[in-house]
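Fair warning: this is a prediction, and the values are worked out from it, not measured in the lab.
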Amino acid sequence: MMCGSMDASRIVGYFKGKSILITGSTGFLGKIVVEKILRVQPDANKIYLLVRGTTDASAQERVQQEVIDTELFGLLREKHGNGFQHFIHEKVVALAGDIVYENLGLEAPILKELAKKIDIIINIAATTNFYERYDVSLDVNVMGVKHLCEFAKQCPMLKMFMQVSSAYVSGDREGLLLEKPIEPGESLREGTYLDIEAELQLVREAKKQLIITNNSSCDDDETHNNNKTEIRKAMKQLGLQRARHFGWSNSYVFTKAMGEMLLGQLRGDDMPVVIMRPSVITSVRSDPLPGWMQGTRTIDTLIIGYAKQNLSCFLGDLSVVVDVIPGDMVANAMMAAMVAHSEEKGAQVVPVYHVTSSLRNPATYAVLYESGRRHFYENPRVGKNGKVIPTREMRFFTTIARFNLYMFLTFKLPLEILHLVNMLLCGLFSRLYNDLNRKYKFVMHLVDVYGPFAFFNGRFDDMNLERLRLTMAMKTPEDQMFNFDPKTIDWDDYFTKIHIPGVLKYLCK
């Protein structure tokens, strides 16, 4: 298991001269990890970023625009001054490929050369959409792991394979959720056995059937587009249905669980593997840029809805703990865990780490709501017309029955009446109707997708991460750069001064 004590100099030193392959670098967490390694260890050998693109040049352009040119890299840009672009050019290599394909979509000679160089593989690539098509989710979150694992076995120098998963692979069970690997065939529902091969087969068959059925009626472009929409809808439904059949709430966490399962089966005895399971990742807390974020997270949809006054009520219990963790802390924990388990061969059990806060330092929805309220009272939003948008209180409902009754009386009934009036008065109130209807649909969609989180009563055990934390010597200011202890977060302060302003700045442009 883990060896020795850990401090900043050991973590920084570890990445010196290393060649690292990172997937998912254009995503939120991916960028944070790339930036951090480059900033703390300019003598890393090369960072290879696998991104979708037709050519290496187009991949390079994507990396430049979507990763390097972002505000997150400001500190690094300052540090290197005029030599910044040259430094990036020396260190970062964009590869046009995709984990959904065998050989990662790379030409055989390129793959062979790459395999000789790689010391570390970090798999962050995932489709995180809760309502993703089942075929797409399986390709990225399951087959992607398989293809990376096959590549890893061809790397003679490999010291670490890190798989980023999700704490919610444990489903929405109550009580203490342990940091233990998912066994082959394991499912969350009594009496079911999860067979990955059977799921892949099921999707292939279903897709074939859908294409045959739809193509037979395909006469023109419009029908063709409608058919594509039908197939997409059917695939989304299938994902949700299969996830719920085995006891998971959506296809994202379901396929992430399968990805972990497959990795456990394929890794063999001599591949050093670590699985990181963060909960809901929120904006950067301290470095390089507090409040920075990209892509809307679960809780941010609520903040944005509240800020724009589209959200007057929500389903949920304010005393429920919302498990969130700042992005920079996730990156810090990842780097420490890589060092701790580097070159570990023959480990019987794959080390699993919950990068979470619900056990050590729980934040409730009430803290988030109060912070939001206070922030908007102190900094009222101004509408397009220059008028101040009044900050209203939000109503929370702790049961679905009460929520549905409220939604019926406040929205559904007035909508029905407006609809009739509009028909009689030739659409006089159509603008009001559309506005109300939009708000109604927005709330109902949110509740459908995020409702399960609002009543989630599990606590993620983070004993393994705590053990790793205890090996950290927090003696110098440098050591603080690798802090991943949720007990050091004052949630009220973080939400009010860092996260909410960050959401408004980077997501509500």
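Salt-bridge annotation for Arg285 and Asp328: absent, with no side-chain N of the basic residue lying under 4.0 Å from a carboxylate O of the acidic one. Salt bridge status for Lys146 with Glu150: present, with a side-chain N to carboxylate O gap under 4.0 Å. Between Glu478 and Arg10 no salt bridge is recorded (no basic side-chain N to carboxylate O distance below 4.0 Å). Asp287 has a carboxylate O that lies under 4.0 Å from a charged side-chain N of Lys36, or vice versa, which qualifies the two as a salt bridge. Electrostatic pairing of Asp493 and Lys497 counts as a salt bridge here, judged by a charged N lying under 4.0 Å from a carboxylate O. Residues Asp119 and Lys159 are paired through a salt bridge, judged by an N-O separation under 4.0 Å between the basic side chain and the carboxylate.
In terms of heavy atoms, Ala96 sits closest to Gly53 at CB-O, 3.3 Å. Nearest heavy-atom pair across Ser249 and Leu240 is O-CD1, 3.8 Å. Counting all heavy atoms, side chain and backbone alike, Gly458 lies closest to Leu177 at CA-CD1, 4.1 Å. Shortest non-hydrogen contact noted between Leu21 and Phe151 is CD2-CE2, 3.7 Å. Shown here for Met6 and Leu468, the closest heavy-atom pair between the two residues is CE-CD1, 4.1 Å. Counting all heavy atoms, side chain and backbone alike, Leu75 lies closest to Pro288 at CD2-CB, 3.9 Å.
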Exercise for the section: Quick one: do Met157 and Lys18 satisfy side chain to side chain contact (heavy atoms under 4.5 Å, CB included)? Show the steps, please. Expected result: CA-CA 10 Å; Met157 314 263 286; Lys18 296 279 193 300; over 6 Å; no
Practice task
Check step by step if side chain to side chain contact (heavy atoms under 4.5 Å, CB included) holds for Ile325 and Phe460.
Solution key: CA-CA 12 Å; Ile325 192 86; Phe460 296 110; over 6 Å; no
Exercise for the section: Verify side chain to side chain donor-acceptor pair (under 3.5 Å) between Asn129 and Thr127, making sure each step is shown before the conclusion. Expected result: CA-CA 6 Å; Asn129 184 349; Thr127 166; 5.6 Å; no
Exercise for the section: Give the C-alpha distance, both sets of side-chain angles, the deciding distance and a yes or no for side chain to side chain contact (heavy atoms under 4.5 Å, CB included) between Met235 and Leu210. Expected result: CA-CA 9 Å; Met235 277 292 145; Leu210 282 163; 4.0 Å; yes
Exercise for the section: Apply side chain to side chain contact (heavy atoms under 4.5 Å, CB included) to Met271 and Leu266, showing your working. Expected result: CA-CA 10 Å; Met271 193 191 293; Leu266 297 176; over 6 Å; no
Exercise for the section: I would like to know whether Lys180 and Glu260 meet salt bridge (charged side-chain N to carboxylate O under 4.0 Å, His left out); could you show each step before the answer? Expected result: CA-CA 11 Å; Lys180 63 186 206 352; Glu260 278 193 33; over 6 Å; no
Problem - Verdict with reasoning, Gln85 to Gln64, per side chain to side chain donor-acceptor pair (under 3.5 Å) - result: CA-CA 10 Å; Gln85 244 352 103; Gln64 185 66 42; 3.1 Å; yes
Problem - side chain to side chain donor-acceptor pair (under 3.5 Å) between Glu205 and Gln209, worked out - result: CA-CA 6 Å; Glu205 290 301 317; Gln209 230 13 75; over 6 Å; no
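Lys256 places a side-chain N or O within donor-acceptor distance of the main-chain N or O of Val164, the cut-off being under 3.5 Å. Side-chain atoms of Asp139 never come within 3.5 Å of backbone atoms of Val100 as a donor-acceptor pair (strictly under, hydrogens ignored). At distances below 3.5 Å, at least one donor-acceptor pair connects side-chain atoms of His147 with backbone N or O atoms of Met143. A donor-acceptor pair is defined here as one N or O able to donate and one able to accept, closer than 3.5 Å; no such pair exists between the side chain of Glu174 and the backbone of Asn457. Looking only at distances, no side-chain donor or acceptor of Ser279 sits under 3.5 Å from a matching main-chain atom of Thr356. Judged by distance alone, with hydrogens and angles left aside, the side-chain atoms of Asp195 form a donor-acceptor pair with the main-chain N or O of Ala198 at under 3.5 Å. At least one donor-acceptor pair under 3.5 Å links the side chain of Lys91 to the backbone N or O of Pro42. At least one donor-acceptor pair under 3.5 Å links the side chain of Ser357 to the backbone N or O of Val324.
Every residue meeting the salt bridge (Lys or Arg N to Asp or Glu O under 4.0 Å) condition with Lys487, not counting sequence neighbours, appears here in chain and number order: Glu466, Asp485. Judged as a ring pair (Phe, Tyr, Trp, His ring centres under 6.0 Å), and not counting sequence neighbours, the contacts of His80 are Phe87. Checked against salt bridge (Lys or Arg N to Asp or Glu O under 4.0 Å), Lys207 has the following partners two or more places apart in sequence or in another chain: Asp135. Applying the salt bridge (Lys or Arg N to Asp or Glu O under 4.0 Å) rule to Arg242 yields the partners Glu199; only residues at least two apart in sequence or on another chain are considered. Every residue two or more places apart in sequence or in another chain that forms a salt bridge (Lys or Arg N to Asp or Glu O under 4.0 Å) with Glu35 is listed here: Arg39.
For the atom pair Lys31 NZ and Phe73 CZ, the distance stands at 8.0 Å (nearest 0.5 Å). How far CE of Met276 is from CE of Met338: 8.0 Å, rounded to the nearest 0.5 Å. With rounding to the nearest 0.5 angstrom, the NZ atom of Lys505 is 12.0 Å from the OG atom of Ser283. In this structure, OG1 on Thr128 lies 8.5 Å from CG on Asn141, to the nearest 0.5 angstrom. The CG atom of Leu38 sits 6.5 Å away from atom CD1 of Ile68, with the distance rounded to the nearest 0.5 Å. Put simply, OG on Ser251 and CZ on Arg244 are 9.5 Å apart, with the number rounded to the nearest 0.5 Å.
Counted within 6.0 Å of CZ on Arg52, heavy atoms from surrounding residues, nucleotides or ligands total 12 or fewer; the atom is thus considered open. The environment of NE2 in His89 is sparse: at most 12 heavy-atom neighbours from other residues, nucleotides or ligands sit within 6.0 Å.
In this structure the side chain of Phe482 never reaches within 4.5 angstrom of the side chain of Asp7, judged on heavy atoms. Side-chain atoms of Leu176 and Leu359, non-hydrogen and from C-beta on, do get closer than 4.5 Å to each other. For the pair Met329/Val355, no side-chain contact is recorded, criterion being any heavy-atom separation below 4.5 Å from C-beta on. Proximity of Ser342 to Val339: side-chain heavy atoms (C-beta onward) are nowhere separated by under 4.5 Å. By the 4.5 Å heavy-atom criterion applied to side chains, Gln265 and Pro184 are counted as neighbours. A heavy-atom distance below 4.5 Å is found between the side chains of His499 and Ile303. Here the side chains of Thr192 and His245 are in contact, with some heavy-atom distance below 4.5 Å. Under the 4.5 Å side-chain criterion, counting only non-hydrogen atoms from C-beta, Gln154 is in contact with Leu111.
For residues 19-55, every residue pair satisfying the ring-ring contact (aromatic ring centres under 6.0 Å, His included) rule, not counting sequence neighbours, is listed here: Phe28-Trp292.
A donor-acceptor contact under 3.5 angstrom links the side chains of Tyr494 and Thr282, judged on distance only.
Centroid-to-centroid, the aromatic rings of Tyr168 and Phe456 come within less than 6.0 Å.
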